Amino acid sequence: MRKLKYREAIGEATVQCMKADPRIVLAGQNVDDHKGGHGTTTDAFRVFGPSRVLDIPNSENAVAGIAVGAASMGMRPLVVHARADFMFLAMDGLINLAAKWRYMYGDKGGVPVVMRGIVGRGWGQGATHSQNLHSVFGHFPGLYVATPASPADAKGLLVSALRNETPVVLLENRGLYEIEGEVPENPEPVPFGKGRIVRTGSDVTIVAASLMVQEAERAAGLLAEQAISAEVVDVRSIRPLDEAIICTSVAKTGRLVVADTSWARYGLAAEVAAVVAENVHGALLGPVRRVTLPDSPAPVSWPLEEAFHPNARTIAAACLDVLGGDPTLPMREMTDITAGFVGPY
Amino acid sequence: MRKLKYREAIGEATVQCMKADPRIVLAGQNVDDHKGGHGTTTDAFRVFGPSRVLDIPNSENAVAGIAVGAASMGMRPLVVHARADFMFLAMDGLINLAAKWRYMYGDKGGVPVVMRGIVGRGWGQGATHSQNLHSVFGHFPGLYVATPASPADAKGLLVSALRNETPVVLLENRGLYEIEGEVPENPEPVPFGKGRIVRTGSDVTIVAASLMVQEAERAAGLLAEQAISAEVVDVRSIRPLDEAIICTSVAKTGRLVVADTSWARYGLAAEVAAVVAENVHGALLGPVRRVTLPDSPAPVSWPLEEAFHPNARTIAAACLDVLGGDPTLPMREMTDITAGFVGPY
Amino acid sequence: MESGKRLLREMVRIRCVEEVLADLYRDEQEMRTPTHFSIGQEAVAVGVCAAAGPDDVAYCGHRSHGPYLAKGGDLRAMVAELYGKATGCAGGRGGSVHLTSPDTGFIGATAILAESISLAVGAGWAFALEGAPRVAITFFGDGAAEEGAFHEALNFAATQRAPVLFVCENNGYSISSPLRARQPYGTTIWERARGYGMASRQLDGNDVFAVHAAAREAVEWCRDGRGPYFLELRTYRWREHVGPNWDYDEGYRTKAELDSWMERCPIKVAAAGLSAAHPDIDEEVAGWRREFRQEVLDAVTAAKADPFPAVADLLQGAYES
Amino acid sequence: MESGKRLLREMVRIRCVEEVLADLYRDEQEMRTPTHFSIGQEAVAVGVCAAAGPDDVAYCGHRSHGPYLAKGGDLRAMVAELYGKATGCAGGRGGSVHLTSPDTGFIGATAILAESISLAVGAGWAFALEGAPRVAITFFGDGAAEEGAFHEALNFAATQRAPVLFVCENNGYSISSPLRARQPYGTTIWERARGYGMASRQLDGNDVFAVHAAAREAVEWCRDGRGPYFLELRTYRWREHVGPNWDYDEGYRTKAELDSWMERCPIKVAAAGLSAAHPDIDEEVAGWRREFRQEVLDAVTAAKADPFPAVADLLQGAYES
Ligand SMILES: Cc1ncc(C[n+]2csc(CCOP(=O)(O)OP(=O)(O)O)c2C)c(N)n1
Ligand SMILES: Cc1ncc(C[n+]2csc(CCOP(=O)(O)OP(=O)(O)O)c2C)c(N)n1
Ligand SMILES: [Mg+2]
Ligand SMILES: [Mg+2]
């Protein structure tokens, strides 16, 4: 199969879906410019022009409500935020309107708004330009929330989102944008609520999301060198969450490490641990480990930023730990997965 | 000790702290009127007048930033929201400014903003007037988040908040406002990050927050009638979370039920399960049960609303379940704990 | 029926509905949903909605009964919604603040301030994109005009020249808070709308004929592709902010102030205006009152007999089924 | 030094600092922090901050270097912050968009649009409560003026008569988006501020003497308890939105447009204005350039020699210690 970059896959899905469905409109700050949402909106603008690919004012709050209003009249707005952090300002429209619409108006129809948020990563994005809001959105019934970790999923989940009657939040890590992978040419939907076994293994389960899936894969490689067989599960969608794939894997391996791009408290890693504690409690042979952000805002300074983000090595160390091994085992240096995102900004 | 209602305890803490510290200003929509934030701001307005108890425009977003700005100049703003749901609009100021301020400006000082959000409960508050945002705020380092469950804690946690250098979010369930309890006259702070054993027991641990602490106590009563000894732990503070009190209790009882006023996914119940899975995994003799909201927005219709909220009976049933008993055991009817909050609205 | 009379009749209907429901709400304690009555403000919803076509749509805030009924919402379904019944317009899920009647173009009431403004701008944007000759109307209060979304939505609508009619129902209060405590002295909301280059007017919101005439002009303006239009309508709420009671003795306003506005009751004003041409208008109004009283009582009887939603359906509508 | 010269000198300083840093930023790839240069816009920060007293405070958005330096922020600490060093003004935690210098009254730069507006209103509110004769200044762009917080904060400040000087630095673009795509044709930002009953003016933001005169008037107005004041200053960004490069060939603007603004370079304009009284002003400027070039190079050398924050201190500042 031909390969595409993650950002190219998003751009392709957008164009294909917009061609197939005239109700889709793309809106976002600066989506029509030479950078085109890091290349994710450039083609759409070229093909569909300014009426369907709209550069909008800096008005995240109203724009969320505007998107819902347009959806209530049959449009399918796809809204892009250059940083997921700006979506705090869109939260009222997303949570209080979009997520609840179908229910609170008596199940007469939904408002299929799709909102993409790009999670900043690297080059000192800092405390307010790098937050991962998936568990926050995932707390609220009425939304679908997904965090594609591969080019194929970036395309397939966006295709699902744009064909769906449920509002969707897609959180894309900027650190994945330059990653290449096989992507089907046709717009094949990846369903919400279905995880993916990225790599099978028998000794320990690593459940991960977004960029951490890539790091988990590399961690599994490191562990394999030490004859440890790690199974890597990509949840893909945060809501609905594929409980079965998690439980089946843990039932097999008996060990669980969860790797997330966000903080531990009330995050994805907590939820995965809870799902296991509820459903396959007896299968667990040891404690669960959460590999998450240290409990502080994101720093800017390069060495701090490096230390801040979990990676293959920290994931592998956590696996060794739950297996009762020596977690300080020296492991070789690895290049930064997000190396594609370098300065100058 | 003399008894106060929950809402009176809040009002008393406010007046005492404002007397002691001239930097405290209270701001909120309609805080100066005859209802006075359900009686929590009436006394403060009478004592301090309109310059220190300010009725403000309907501008939740800017007001959060304004509070932080005032705090950056040495004030201690106490902002009240009549419904916690409005705080989605305040989230940028709370998360992107207040929570990160000290860190992102290099630890030169904090912005001790205190924000109270009243969680709607009962009388058909519905989908957008009854949400519990504690786990959402709890996800982000930099804040303290607490959910007082008793009059004494309503006072003590507010006192702590108003003396603290860290921004604080206090979420108060409207269903608790009419509850009475012993409250010290003096403004004695209840520290953040310290849970409370509400009732000791040996068979099962019920970890709960806010209104669910009251329900958990009643559940323990029901269980006692069946010779089951339940320990009830009130986390009190959502961030920091008292991991030790949870783990100690579960290490003793071997069984865990978590009762929360919000949804299961990425919520308090998930976090408590994760803490146990990380720290005292071996102690658990059975699966964890989460007693939380059904996975839908809040309905209005009376029978649906009744079914929507967890209560003593559902908590007790979950305890029986984790103990391997028959969870359908008939139990007597109980009056609604939140009966103090009736219509007309 | 002649247009003037139709407007009056519609106001009488809404008044009767709300008065009957307010009494029952207070006495029965069975409508368990926070309810914001619009008694005294009927001319706004009636004058504006009568100017809208069937394909035009409306959104409003918490004070929802007037716009819902004026835009053709079914009374029976509204009453059932207040009683939390399965037959309610929102299936008992939404309550008073989430009335909806998509078939007649009343898309929805919302409980968070200013959401109705953004929503209507979104609808107007959709119409502009489709080139549909439709207009989106939003009703909101003076208090909602303080929200950031007000500014963002007006700016968006004006920039995109979306066919949106903004109707600011200025009753002088946000709950108990008077305008002067919340907005700068000497300024007006309609003039702020001018700052977006928008056609904007202020007028007496208790004069249904003036409201209707202005709204007709405004709707045509929007429909002609000339961009959005803003109307600020001065009116007054008679009852308490939320709930069925009178609250003029609670301190935030005076009985004298209320009385002065009751003098200018929109129904009284309209009837007086029609009395020259229709000397028997007062009797006609009295007849309508009886008719509508019966209509609402029938709706109440029916709603009470209706079933509650089944608890087994608690989750229905959370997601597409 | 005479005031006019001082203003020019301060602009030359900021220009030199930014030009040197932009080159290093591009060539070294060592300042790992998204950086928004204000080259071409110096007159705004300099003219306004020179009008402020030492007890007055300022907040600004992402385009932070100008206001930080003009309000007395330490150059060395700023450079160290860009290099992510422990000696940075924010200890390496904040980067270019979170500069801070509380001692000189530059409280903070923020990276989320319009936060700086709310923050300054909060500071002004605090001053009003204390009765302190202090003024809070906020710098923000034309793009930030589209955020809801702009409206909410202006309304709050005007209602409370808080001593806040709003400085809208209108450079015509929000990243690549021109004003006409984002705000209604034929409207202005400063006139919208009038909608809050606020004293408001627009003027040439490249004329530092005009800016300074207007800002002095505005600061006095605020200090006298007459409420907030709004200044919209038209100016132009020379470099790309974020980063050190030129981007006039990327399609969203023309070289001709840039050239026309470079013709109106604030430094050039100010020097020309002073040349009658100071015929040797150009040589003086050249001397200052050399002086400041050296100053910033020294700061760079020092910053580079400084230590990074210790990884062991990663959590420091998340909470009070
Ligand atoms: C964002 C938000 N803030 C606060 C509230 C609480 N609230 C409900 S109605 C209301 C008063 C609004 O006043 P106005 O818009 O003038 O409408 P009116 O009630 O006068 O018709 C307030 C403050 C809310 N629903 N949403
Ligand atoms: C709430 C929010 N939305 C979007 C952004 C992304 N953003 C950063 S700077 C910028 C342009 C702002 O333009 P303007 O306010 O005119 O300032 P300028 O860059 O022109 O100085 C944008 C859109 C942001 N930082 N915050
Ligand atoms: Mg009002
Ligand atoms: Mg700009």
Side-chain angles (χ1 to χ4, degrees), chain A residues 28-37 42 45 50 54-65 81-83 85-90 92-93 120 122-131 263 293-309 341-345, chain D residues 22 25-26 29-35 81-86 88 90-98 110-115 141 143-149 174-178 181-183 240-245 247 250-252 308-319:
Chain A
Q29 296 156 15
N30 311 101
V31 288
D32 61 349
D33 75 3
H34 55 290
K35 293 193 176 167
T42 315
F45 182 69
L54 189 73
D55 175 29
I56 57 174
N58 301 306
S59 303
E60 291 82 0
N61 178 0
V63 163
H81 292 280
R83 287 292 175 279
D85 313 67
F86 309 156
M87 293 168 79
F88 285 117
L89 294 165
D92 180 67
W123 202 262
Q125 292 287 306
T128 63
H129 271 54
S130 63
Q131 288 165 100
W263 293 286
L293 298 179
D295 207 38
S296 78
V300 162
S301 178
W302 173 236
L304 296 186
E305 192 178 51
E306 281 294 279
F308 187 69
H309 294 290
F341 182 33
V342 294
Y345 185 81
Chain D
Y25 189 95
R26 184 192 59 227
Q29 301 282 309
E30 279 183 30
M31 291 175 249
R32 297 178 69 105
T33 166
T35 299
E81 188 62 32
L82 297 188
Y83 279 97
K85 296 307 179 80
R93 268 68 172 183
S96 168
V97 291
H98 295 114
T110 62
I112 303 286
L113 293 179
E115 283 182 347
E146 291 147 17
E147 294 286 352
S174 172
I175 307 187
S176 57
S177 181
R182 298 176 284 114
Q183 296 180 25
E240 59 185 340
H241 166 69
V242 56
N245 299 309
D247 69 348
E250 295 290 4
Y252 75 87
F308 280 111
V311 168
D313 295 336
L314 179 58
L315 296 182
Q316 189 202 322
Y319 287 92

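Small disclaimer: the values here were computed from a predicted structure and weren't measured. Proteins get letters first, then strands, A, B, ... in listed order; numbering begins at 1 in each.
When every heavy atom of A/Trp123 is checked against every heavy atom of D/Gln29, the shortest pair comes out as CH2-OE1, 3.5 Å. Residues D/Ser174 and A/Asn58 come closest through the heavy atom pair OG-ND2, 2.9 Å. Scanning both residues, D/Pro34 and A/Gln125, for their nearest heavy atoms gives CG-NE2, 3.9 Å.
Chosen from D/Glu147, D/Arg182, D/Lys85, D/Arg93, the residue pairing most often with chain A at heavy-atom distances under 4.5 Å is D/Glu147. Comparing D/Ala145, D/Gly251, D/Gly148, D/Pro309 by how many heavy-atom pairs each has under 4.5 Å with chain A, the most go to D/Pro309. Contact count against chain A (heavy-atom pairs under 4.5 Å) is highest for D/Ile175 among D/Val311, D/Leu113, D/Ile175.
For the residue pair A/Asn30 / D/Ser177, no side-chain donor-acceptor distance below 3.5 Å is found, with atom types taken as modelled.
With a threshold of 4.5 angstrom between heavy atoms, A/Ala298 approaches chain D through N, CA, C or O but not through any side-chain atom. Only the backbone of A/Ile56 comes within less than 4.5 Å of a heavy atom in chain D; its side chain stays farther off. Using a 4.5 Å cut-off between heavy atoms, D/Ala310 contacts chain A through its backbone alone, with no side-chain atom that close. In this structure, chain D has no heavy atom under 4.5 Å from any part of A/Asn61. In this structure, the portion of A/Leu89 lying under 4.5 Å from any heavy atom of chain D is its side chain and not its backbone.
Taking CD of A/Glu60 as the reference point, atom CD1 of D/Ile112 lies at 8.0 Å (rounded to 0.5 Å). D/Arg32 contributes atom CZ, which lies 7.0 Å from atom CD of A/Glu306 (distance to the nearest 0.5 angstrom). Taken to the nearest 0.5 Å, the CG atom of D/Leu314 stands 10.0 Å off from the CG atom of A/Leu293. For the atom pair D/Leu315 CG and A/Phe308 CZ, the distance stands at 9.0 Å (nearest 0.5 Å).
Between A/His34 and D/Tyr252, the ring planes are parallel. Angles under 30° get that label, and only those over 60° would be called perpendicular.
The residue from A/Asp32, A/Asp33, A/Asp55 that alone fulfils the side-chain hydrogen bond (donor to acceptor under 3.5 Å, both in side chains) condition with D/Ser176 is A/Asp33.
For the pair A/Thr128/D/His98, a side-chain contact is recorded, criterion being any heavy-atom separation below 4.5 Å from C-beta on.
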